[in-house]
Amino acid sequence: MAKEQKFWLVKTEPESFSIQDLAKEPKQTACWSGVRNYQARNFMRDEMQLGDRVLVYHSSTEEPAVVGTAAVVRESYADDTAWNKKDHHYDAASTPDNPRWFMVDIKLEQIFESPLPLAKLRGVPALKHMELLRKGSRLSVQPVRKSEFEAILKLAGAN
DNA sequence: GCCAACGTTGGC
DNA sequence: GCCAACGTTGGC
């Protein structure tokens with residue numbers, strides 16, 4: 001029997017890969033490559049499981065916001081962009097024989113009708129302890145409490 | 001193993 | 001574009 005479903009948030013810069021881009025992918029599924037932070041990697045490599053649910057967040061944009069949800073459809077495997085010299089995330093220390101970086105595949109569930117801006121989330125008591133809202137938080141893959149995930153769905157008027 | 005210098009993230 | 005917060009690197 002599968003372990004309990006977990007909840008996550010992943011950040012992406014919409015200028016490089018937005019949730020709309022995810023929607024355009026075959027099967028609306030994409031590999032979440034390019035993560036080059038150990039803590040974020042560890043979450044993907046060690047803890048993300050099939051069926052886990054994911055909030056998608058747009059960062060470094062005019063109005064940073066949670067914009068929709070996705071699900072983990074493939075558990076971690078080596079991030080091959082790390083050994084592509086032309087890739088922006090190339091890392092000579094990672095090789096096919098001894099990969100340093102990992103990724104998962106996620107599939108779009110829904111794009112919120114209206115995005116939930118950071119500023120709005122800050123005012124929500126149920127989200128008071130959310131990692132995303134912590135000052136100086138930079139983790140690009142982070143765990144989310146079930147209660148937080150549900151509160152966000154509720155705010156988005158989604159299910 | 002400390003920590004200063006540097007690079008990056010990301011809100012504003 | 002600014003800059004605070006954070007992660008990484010490398011000299012010692």
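Numbered from 1 within each chain, the chains take letters A, B, ... in sequence-line order.
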Do any N or O atoms of the protein come closer than 3.5 Å to N or O atoms of nucleotides 2-5 of chain B, and which pairs are they?
none

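The distance between atom CD of Gln39(A) and atom C1' of dT8(B), rounded to the nearest whole Å, is 16 Å. In this structure, Arg36(A) places its CZ atom 16 Å from C1' of dG7(B), rounding to the nearest Å. Atom P of nucleotide dC12(B) and atom CG of Leu121(A) are separated by 11 Å, given to the nearest angstrom. In this structure, CG of Leu139(A) is placed 18 Å from P of dT8(B), rounded to the nearest angstrom. Computed from coordinates, the His89(A) NE2 to dT8(B) C1' distance equals 12 Å when rounded to whole Å. Between the C1' atom of dG11(B) and the CZ atom of Arg122(A) lies a distance of 8 Å, rounded to the nearest Å.
Applying the ring-ring contact (aromatic ring centres under 6.0 Å, His included) test to Trp83(A) and every residue at least two apart in sequence or in another chain returns nothing. Phe17(A) meets the ring-ring contact (aromatic ring centres under 6.0 Å, His included) test with no other residue; sequence neighbours excluded. Not a single ring-ring contact (aromatic ring centres under 6.0 Å, His included) links Tyr90(A) to another residue, sequence neighbours left out. For Trp32(A), there are no ring-ring contact (aromatic ring centres under 6.0 Å, His included) partners, not counting sequence neighbours.
For the OP1/OP2 pair of dC6(C) and a distance below 4.0 Å, the side-chain nitrogens and oxygens of Tyr38(A) include no atom meeting the criterion.
Note on residues 31-41 of chain A: pairs passing salt bridge (charged side-chain N to carboxylate O under 4.0 Å, His left out), not counting sequence neighbours, are Arg36(A)-Asp79(A). Here salt bridge (charged side-chain N to carboxylate O under 4.0 Å, His left out) pairs that include residues 138-148 of chain A, with residues two or more places apart or in two chains, are Arg145(A)-Glu148(A). Among residue pairs with one or both ends in residues 19-31 of chain A, those qualifying as salt bridge (charged side-chain N to carboxylate O under 4.0 Å, His left out) are Asp21(A)-Lys24(A); sequence neighbours excluded.
The rotation axes computed at either terminus of the helix from dG1(B)-dC12(C) to dC12(B)-dG1(C) lie 10° apart, taking five pairs at each end and rounding to 10 degrees.
Relative to the side chain of Asn37(A), the nucleotides dC12(B), dG10(B), dG7(C) differ in distance, and dG7(C) lies closest. Looking at the side chain of Arg138(A), the nearest of the listed nucleotides dC6(C), dG10(B), dC12(B) is dC6(C).
Less than 4.0 Å separates DNA chain C from at least one heavy atom of each of the following residues of residues 127-137 of chain A: Arg134(A), Lys135(A), Gly136(A).
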For residues 59-74 of chain A, dump all side-chain donor-acceptor pairs below 3.5 Å to protein atoms at least two apart in sequence or in another chain.
unit_1: Thr69(A); atom_1: OG1; unit_2: Glu109(A); atom_2: OE1; d: 3.0

Side chains of residues 124-135 of chain A: which donor-acceptor pairs under 3.5 Å do they make with residues two or more places apart or in other chains?
unit_1: Glu131(A); atom_1: OE1; unit_2: Arg134(A); atom_2: NH1; d: 2.8
unit_1: Glu131(A); atom_1: OE2; unit_2: Arg134(A); atom_2: NH1; d: 2.7
unit_1: Glu131(A); atom_1: OE2; unit_2: Ser137(A); atom_2: OG; d: 3.1

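For the pair Glu47(A) and Lys6(A), the tightest heavy-atom approach, listed with the atom from each and the gap, is O-NZ, 3.4 Å.
In this structure, Asn42(A) contributes its side chain and Gln39(A) its backbone to no donor-acceptor pair below 3.5 Å.
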